[in-house]
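Heads up: the structure comes next, in structure tokens.
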There are 2 protein chains.
Amino acid sequence: MPKKRILPYVLLGLINNKGSLSGYQISQEFKNEVGDFWHASHSQIYPELGRMKDDGWLKDHDEDKSTFYTLTTEGHQILRTWMQEPLDDNEELFSLKLYFIKDESDPLLNTLLKEELQIKQTKLDYLQGRLQTVFDTENKIKDNYGHYLILTRAIERESNHINWLKNKL
Amino acid sequence: MPKKRILPYVLLGLINNKGSLSGYQISQEFKNEVGDFWHASHSQIYPELGRMKDDGWLKDHDEDKSTFYTLTTEGHQILRTWMQEPLDDNEELFSLKLYFIKDESDPLLNTLLKEELQIKQTKLDYLQGRLQTVFDTENKIKDNYGHYLILTRAIERESNHINWLKNKL
DNA sequence: CAGGACATGTAAACCGTTACATGATTAA
DNA sequence: TTAATCATGTAACGGTTTACATGTCCTG
């Protein structure tokens, strides 16, 4: 199966968040925090917006030398469906989807948090298992100290994330 | 400038860690812990090993139907130089380089930790600034709750990483 | 009036994945 | 003996970046 494309959904989500955006504004968005978990260059954005309009996900209108895009009804549906698709072990996707939730009372918020908690718990278990099998003696730690460090770091990282998730649930 | 290729250095580091590896063994490595912060498929690995041999970074010898690769003197130098290049805001690279440090007493260890600390501190400052400028009123939090969540999460994440780094220094 | 930001577009190059291929060895 | 694993290779495809291009508007 071909690799799942995310860019169109990112654009859908970003435009939906602001109501309406131009290609240029989207590329500016990626220079702020959105850029921490997703990025696209203008040479990707403009053609993609064109395709999405052709597919009926977006409608556009010109104003002040810019072309602004807004979601169509179909676009809203497609975004909604994508938002409800199960997460995988990819923190960027989790952040992205969270970013697209505007209202604290959106029931999707809790679904996302629970799903992410499940995934991270599984990962933490896996990492702790690795730590015990790979570093069962002091000597193995000494001989692969860097590896030991990043493994323990990864465990602390996941624990921290899990605690945060539990706190928000 | 063209985008910096990392794969050859990853291969250099992995082979150096184990002394000598075949292409197949490398692709197996990526299925274990290494796979948590880097991955490459065999269709990338084999041609890359060939190129690196052509470039004089590696030498090979056949044994048991497999081709094993070892660093040349030049390969060692190139790896060393790359390890000493400054880090950027890319946690995978930090983990990768740590992974390639075998000995706790390697002076590079402290250099890496200090550099990463500096980078993360800068990032934390930036994120805290964003929090204050973007969410200066309660209403803005209410209206972009998901965004607020990921921003505060990012801040906690960086703080946790910074504390870990300080603890190791 | 020059340099930077705004605004959009396309072509080429690059990197990585999936798929297609092949053959040897080993365990059920 | 047949399926799985070992072991390597290459072709096609797709997504992203860099580079090339063009024109406007605003500010110092």
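Lettering follows sequence order; numbering is per chain, from 1. A quick note: this is a predicted structure, and the numbers were derived from the prediction, not measured. Side chains are part of it too, since the values below use all heavy atoms of this structure and drop only hydrogens, waters and symmetry mates.
Atom NZ in B/K4 sits roughly 14 Å away from atom P in D/dT18 (whole-Å rounding). Residue B/I6 contributes atom CD1, which lies 15 Å from atom C1' of D/dT16 at whole-angstrom precision. Distance, B/E63 CD to D/dC6 P: 17 Å, rounded to whole Å.
Residues that satisfy the side-chain contact (heavy atoms from CB on, under 4.5 Å) test with B/T137, not counting sequence neighbours, are B/N139, B/K140. Residues satisfying the side-chain contact (heavy atoms from CB on, under 4.5 Å) criterion with A/K168, sequence neighbours excluded, are A/L113, A/W164, B/L149. Legend: residues meeting side-chain contact (heavy atoms from CB on, under 4.5 Å) with B/H76, ordered by chain and number and at least two apart, are B/N16, B/L71.
Contact annotation: B/R5 side-chain N/O to C/dC15 OP1/OP2 distance is under 4.0 Å.
The list of salt bridge (Lys or Arg N to Asp or Glu O under 4.0 Å) pairs with a residue in residues 89-118 of chain A, not counting sequence neighbours, reads A/D89-A/K120, A/D89-A/K123, A/E91-A/K120, A/E91-A/R157. Residue pairs meeting the salt bridge (Lys or Arg N to Asp or Glu O under 4.0 Å) criterion with at least one partner in residues 145-155 of chain B, sequence neighbours excluded, are absent. Screening residues 7-26 of chain B for salt bridge (Lys or Arg N to Asp or Glu O under 4.0 Å) gives B/K18-B/E29 as the qualifying pairs, with residues at least two apart or on separate chains. For residues 9-28 of chain A, every residue pair satisfying the ring pair (Phe, Tyr, Trp, His ring centres under 6.0 Å) rule, not counting sequence neighbours, is listed here: A/Y9-A/W57, A/Y9-A/W82.
Aromatic rings from A/F135 and A/H147 are positioned such that their centres are separated by under 6.0 Å.
Annotation: the terminal axes of the helix from C/dC1-D/dG28 to C/dA28-D/dT1 meet at 30°, where each axis is the rotation carrying the C1' atoms of four end pairs onto the next four (5 pairs per end, rounded to 10°).
A salt bridge is defined here as a Lys NZ or Arg NE, NH1 or NH2 lying under 4.0 Å from an Asp or Glu carboxylate O, and B/E48 with B/R5 meets this definition.
Residues of residues 38-52 of chain B that place a heavy atom closer than 4.0 Å to DNA chain D, in numerical order, are B/H42, B/S43, B/Y46. Near-neighbour residues of DNA chain D inside residues 10-35 of chain A, defined by a heavy atom below 4.0 Å, are absent.
There is a path of hydrophobic side-chain contacts, each under 4.5 Å, that joins B/I150 to A/V10. Following chains of ILVMFWY side-chain contacts shorter than 4.5 Å, one can reach B/L14 starting from B/L79, so the two form part of one hydrophobic cluster.
Residue A/F68 shares its hydrophobic cluster (ILVMFWY side chains chained together at separations under 4.5 Å) with no other residue.
Closest approach of A/V34 to A/Y99, counting heavy atoms only: CG2-OH, 3.4 Å.
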Interface polar pairs with nucleotides 24-27 of chain D, N/O, under 3.5 angstrom:
unit_1	atom_1	unit_2	atom_2	d
D/dC25	OP1	A/K65	NZ	2.6

